[in-house]
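What follows is a single structure, written as structure tokens, with notes after it.
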There are 2 protein chains.
Amino acid sequence: MADSTPTTCDADGTCYCPLASVLDTLSGKYAMGVLSIVDAHGPVRFAEIERRLPSASASTVSTRLKELRETGLLVRTQYDEIPPRVEYELTDDGKDVRGRLDPLLDWVTETER
Amino acid sequence: MADSTPTTCDADGTCYCPLASVLDTLSGKYAMGVLSIVDAHGPVRFAEIERRLPSASASTVSTRLKELRETGLLVRTQYDEIPPRVEYELTDDGKDVRGRLDPLLDWVTETER
DNA sequence: CAGGATCCTTATAGATACTG
DNA sequence: CAGTATCTATAAGGATCCTG
């Protein structure tokens, strides 16, 4: 991910950033799902995210969480207990982006069901 | 593309459709770029889309156009002239989806520039 | 519990060459 | 002009095993 696709701009001033970091991150498999789950149920633990995304493997959930963290859309909080507990929740940016996904997700549910 | 990822629903009624057809289509590289170009400059010819996406190969543009057509977001019109001329433009669904991308794309431009 | 490391398979994109 | 077919390279995801 985070490839080298440049932002391309036209002579007329129109610009396209097809894979700018956030869009890039969101394009990962289950990224929107993870974002939605953490939004709806956060603070939420790893196992619960996994449980709510049965078709995603643990390593995929892990990768998505890492990317979303690196993009600044969510934060990880670790509690030093035994057994260890970790919770995820959205940052303000994460909530912002999540909200901006609504029109699109609405379209999908309106259309597909 | 169009993999077998199922729609997953929680006991509490919340549903996630991470890769429903439209989102799936939009996740292709340059898909949003092609959609934006056809929206902004349509009816537009193949060569012009290519010109406006210098970093995408012709075969990728071709693939994206095909997928967007199959998802019903744009239409292809062929004129039987010599040399041949083909034009692409958005369907009503395409315009709808394109509009729903705005909040997200706005966020990107607000943030990255 | 939370996940990193590894290996493997599949998806996806790019290059090149060629057609209606 | 507007593609498509084919091939290759790479990226992304999944399964499994292992650890702090």
Side-chain angles (χ1 to χ4, degrees), chain A residues 1-6 8 18-19 21 23-34 37-38 42-71 74-89, chain B residues 1-6 8 18-19 21 23-34 37-38 42-71 74-89:
Chain A
M1 227 154 263
D3 80 1
S4 57
T5 310
T8 56
L19 287 177
S21 62
L23 294 182
D24 199 8
T25 299
L26 290 180
S27 76
K29 199 164 180 179
Y30 302 108
M32 301 194 201
V34 171
I37 289 170
V38 177
V44 61
R45 303 178 64 170
F46 186 90
E48 187 177 349
I49 300 173
E50 239 192 307
R51 188 177 58 73
R52 291 181 182 276
L53 282 176
S55 48
S57 66
S59 68
T60 297
V61 172
S62 176
T63 304
R64 273 325 63 89
L65 284 169
K66 191 178 182 186
E67 289 167 352
L68 289 165
R69 238 186 302 155
E70 286 170 351
T71 317
L74 60 77
V75 288
R76 194 189 102 116
T77 308
Q78 181 171 344
Y79 298 90
D80 289 323
E81 307 168 355
I82 296 195
R85 181 164 59 100
V86 172
E87 290 184 342
Y88 293 90
E89 59 191 318
Chain B
M1 222 156 272
D3 78 1
S4 57
T5 309
T8 57
L19 285 177
S21 63
L23 294 182
D24 199 10
T25 299
L26 290 180
S27 77
K29 199 165 181 178
Y30 302 107
M32 300 194 202
V34 170
I37 289 170
V38 178
V44 60
R45 302 177 65 170
F46 186 91
E48 187 176 350
I49 300 174
E50 241 191 307
R51 188 176 59 72
R52 291 180 182 276
L53 282 177
S55 48
S57 66
S59 67
T60 297
V61 171
S62 176
T63 304
R64 275 323 63 89
L65 284 170
K66 192 178 180 184
E67 290 167 354
L68 290 165
R69 238 185 302 154
E70 286 168 350
T71 317
L74 60 75
V75 288
R76 192 189 103 116
T77 309
Q78 180 171 346
Y79 299 90
D80 288 324
E81 308 168 354
I82 299 198
R85 181 164 58 101
V86 172
E87 291 185 341
Y88 293 89
E89 57 191 318

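We name chains A, B, ... by the order of the sequence lines, and we start the count at 1 in each one.
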How many Å lie between OH on B:Tyr79 and P on D:dA2, as a whole number?
12 Å
Is any NZ, NE, NH1 or NH2 atom of the basic residue among A:Glu48 and A:Arg52 found under 4.0 Å from an Asp or Glu carboxylate oxygen of the other?
yes
Below 3.5 Å is the cut-off: list the nitrogen or oxygen pairs between protein and nucleotides 1-5 of chain C, distance only.
| from | atom 1 | to | atom 2 | distance (Å) |
| --- | --- | --- | --- | --- |
| C:dC1 | O3' | A:Arg45 | NH2 | 3.0 |
| C:dA2 | OP1 | A:Arg45 | NE | 2.7 |
| C:dA2 | OP1 | A:Arg45 | NH2 | 3.1 |
| C:dA2 | OP2 | A:Ala47 | N | 3.2 |
| C:dG3 | OP1 | A:Arg76 | NH1 | 2.3 |
| C:dG3 | OP1 | A:Tyr88 | OH | 2.7 |
| C:dG3 | OP2 | A:Tyr88 | OH | 2.7 |
| C:dG4 | OP2 | A:Ser62 | OG | 3.1 |

In whole angstroms, how far is the P atom of D:dG3 from the CG atom of B:Leu68?
13 Å
Without decimals, in angstroms, what is the distance between B:Arg51 CZ and D:dC1 C1'?
15 Å
Give the rounded distance in Å between these two atoms: CD of B:Glu87 and P of D:dC1.
15 Å
Whole-Å distance between C:dG14 P and B:Leu53 CG?
10 Å
I need the CG-P distance between B:Asp24 and D:dA12, as an integer number of Å.
15 Å
Non-hydrogen side-chain atoms of B:Glu87 and B:Arg85 separated by less than 4.5 Å:
yes
Heavy-atom pair of closest approach, residues A:Val38 and A:Glu89
CG1-CA, 3.5 Å
How long is the line joining CD1 of B:Ile82 and P of D:dC1, in whole Å?
14 Å
Donor-acceptor under 3.5 Å (B:Thr71 side chain, B:Glu67 main chain):
yes
For D:dG13, take OP1 and OP2 only and decide whether either is under 4.0 Å from a side-chain N or O of A:Arg64.
yes
For a quick test of reading the model: is some side-chain N or O of B:Thr60 closer than 4.0 Å to OP1 or OP2 of C:dG14?
yes
Do B:Ser62 and B:Leu65 come close enough that some side-chain heavy atom pair is under 4.5 Å?
no
Specify the separation, in whole Å, of atom CD of A:Glu67 and atom C1' of D:dA12.
9 Å
Does the side chain of A:Leu68 reach to within under 4.5 Å of the side chain of A:Tyr88, using non-hydrogen atoms?
no
